[in-house]
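Remarks on the structure that follows.
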Amino acid sequence: MSAPAITPVFVRLKLSLLRNGLRQSGGRKAAYITSAVFALLFAALQLIGLIALRGHAHAESVVVLAVAVLGLGWAVMPLFFPGGDETLDPTRLVMLPLRPRPLVRALLTASLVGIGPLFTLCLLVGSVVAVARGGAAFAVGAVAVVLALLVCVALARAVAAANVRLLTSRKGRDLAVLSGLVIAIGAQIVNFGAQRLGASGLGELDPAAEVLQWVPPASAIGAVHAVSEGSYGPAVAQLALSAGALVALLALWSRHLTRLMTSPDGSTLPSAESAAKERSSTGLARLLPAGRTGTVMDRSLRYVWRDPKTKAAWVTSLAIGLIVPVFNAWQGTGSVYFACFAAGMLGIQMYNQFGQDTSAFWMVAMTISSARDAYVELRARAYALLLITLPYATLVTVLTTAMLGDWRRLPEALGLSFALLGAMLATGAWTSARFPYSIPQEGYKNVAPGQTGLAWISIFGGMMAAALLCAPVIALTIWLNVSADGDDWTWLLLPAGTAYGAVLTAAGLKLAAPRTARRLPEILAAVSKG
């Protein structure tokens, strides 16, 4: 007697998971419905836009690039959003008597249920309509849509299966926190690309499309255009590439499933050698000052390297602080003063210093018995931040200046950056003591429920205060630039801005220390809320 088919069972399982997930809470149901409506609305508008491209000279380049980007999205989404689909974790099925091939077939079919596949289907259909001309092209287009959709889904599944041990561990959940960095960088790249296309036209896409039309799943759409042009040989080759990619992905997926279901999970067990290396390594700690200052600096730097939320905030700030001035300089529309964006982005890391410690702050609080202890604690945290920020802000300023070729303004740009950094360190120390809030360790939220107002006051209020504190240096910069013989003295802005920033930092730490010592119980209660 043959075994019953498991594909319908997995499809019903996927539907049950979706339905039961929506039953957990009204908020979750509302969020899902809202996101589904917006996704489908965007898919419909995108479909209409692609159909409107029909007959355009560069329609093929647009749709090929769109499908290539779509395939890339399917490849990376499981890495950044592993909790978005519970069926992405095949280790839940290891105790069931299932063979890899039927399991791959069932999971592949179940993966076609959801908003993502429907969105992908709309884009693929619109792409075919945009480039297909003639009955043969539409016939090939039907095959291309199916192939491209299956390649996208199989790619996501193969990536998830290859990294499932990572994705279901704490490191995998930590990796998802970095998705904000990808979004931030991607937004800047899209913005830059849109500006270039607006200036040069869609013809700028042709060289990239010439290459990507041979890369699955975009090669399937390239085959449709080839048939429309009467090039049947290249069309067959492009379809064969997509079909071969699908077969290879399914084989890779099947192999990883077999390994997952037959091998123990040792991914989270560190080797004795690596553990001994971790214990014996001192690293940067040997170069830091002795006493409490060095200890606090070492702890702060370890947070940057090891704590997922702190690392995500730092990496995002480092990336955006570089992208904004450099991209604007690259386009020829920037200014050396845009380099101050780097100091501003990293200066934000001084805000809510104690919230980064979460409930572990009680161990720090036990070591603070006076305003002097609080001052040393805050000063050491500022030193740790300056250890990264000063060379980074200098590097970004020099790079921006070099790209613009405006070396005359380098001293004043650096002086403004250092003054801004000092002002943000000062206000950050004060708001950390006055408006502390908790940062949840799990999930994607950076503020505990009920503390959003505190976060807004701390960050945006502090940034406005920092801008006001920088007013003297800004006024001096403007006066020297408009003065008749001021160009000969603009170099003074570098030592003046540096000294002013140092004075602001010292004053801010001095003012924040007594308040920190007095409000230790309130700070501990606030940062432990999440």
Side-chain angles (χ1 to χ4, degrees), residues 33-77 112 114-153 155-156 182-229 235 238 242 331:
I33 294 175
T34 302
S35 61
V37 169
F38 277 105
L40 295 177
L41 179 61
F42 183 70
L45 294 174
Q46 189 171 242
L47 177 60
I48 295 172
L50 289 171
I51 294 175
L53 276 176
R54 183 175 174 81
H56 194 281
H58 302 289
E60 182 208 6
S61 299
V62 174
V63 298
V64 165
L65 284 172
V67 174
V69 172
L70 182 70
L72 178 64
W74 275 94
V76 301
M77 281 305 105
L112 298 174
I115 299 174
L118 181 58
F119 178 88
T120 304
L121 180 63
C122 291
L123 187 145
L124 293 173
V125 170
S127 300
V128 169
V129 174
V131 298
R133 292 193 300 273
F138 276 102
V140 172
V143 178
V145 168
V146 175
L147 268 179
L149 178 61
L150 292 178
V151 167
C152 288
V153 176
L155 179 60
V182 175
I183 295 172
I185 296 177
Q188 292 296 328
I189 294 175
V190 169
N191 178 51
F192 174 70
Q195 293 181 12
R196 288 289 300 271
L197 290 177
S200 306
L202 294 177
E204 290 283 327
L205 302 177
D206 291 344
E210 288 290 333
V211 176
L212 292 175
Q213 67 177 342
W214 294 97
V215 178
S219 59
I221 304 302
V224 179
H225 181 263
V227 171
S228 299
E229 297 292 323
Q238 288 169 319
S242 293
Q331 298 174 80

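Both backbone and side-chain heavy atoms feed into the values below; hydrogens, waters and symmetry mates do not.
- How far CG of L123 is from CG of L118: 11.5 Å, rounded to the nearest 0.5 Å.
- For I115, the side-chain contact (heavy atoms from CB on, under 4.5 Å) criterion is met by Y32, A36, A39, not counting sequence neighbours.
- Scanning both residues, A220 and A144, for their nearest heavy atoms gives O-CB, 3.4 Å.
- Taking all atoms of both residues into account, the shortest heavy-atom contact from H56 to H58 is ND1-N, 3.0 Å.
- Residues passing the side-chain contact (heavy atoms from CB on, under 4.5 Å) test with V145 are L121, L124, V125, V128, sequence neighbours excluded.
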Please set out all donor-acceptor pairs under 3.5 angstrom arising from side-chain atoms of residues 45-53, sequence neighbours excluded.
none

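- Residues meeting the salt bridge (charged side-chain N to carboxylate O under 4.0 Å, His left out) test with R54, sequence neighbours left out: none.
- For F42, the ring-ring contact (aromatic ring centres under 6.0 Å, His included) partners two or more places apart in sequence, or in a different chain, are F119.
- Taking all atoms of both residues into account, the shortest heavy-atom contact from L147 to S242 is CD1-CB, 4.1 Å.
- Residues satisfying the side-chain hydrogen bond (donor to acceptor under 3.5 Å, both in side chains) test with Q213, not counting sequence neighbours, are E210.
- Partners of L65 by side-chain contact (heavy atoms from CB on, under 4.5 Å), not counting sequence neighbours, listed by chain and number: L205, A208, L212.
- The side chain to side chain donor-acceptor pair (under 3.5 Å) pairs that include a residue from residues 140-153 number zero, where partners must be two or more places apart or lie in different chains.
- S228 approaches V131 most closely through the heavy-atom pair OG-O, 3.0 Å.
- Listed by chain and residue number, R133 satisfy the salt bridge (charged side-chain N to carboxylate O under 4.0 Å, His left out) test with E229 (two or more places apart in sequence, or in another chain).
- The two residues V63 and A130 come nearest to each other via the heavy atoms CG1-CB, 4.0 Å.
- Annotation: side chain of C152 is in contact with side chain of P217 (closest heavy-atom distance under 4.5 Å).
- Residues in residues 115-129 take part in these side chain to side chain donor-acceptor pair (under 3.5 Å) pairs, two or more places apart or across chains: W74-T120.
- Within the structure, ring-ring contact (aromatic ring centres under 6.0 Å, His included) pairs that include any residue of residues 128-150 do not occur (at least two apart or interchain).
- Applying the side chain to side chain donor-acceptor pair (under 3.5 Å) test to every pair with at least one member in residues 138-150, sequence neighbours left out, gives no pairs at all.
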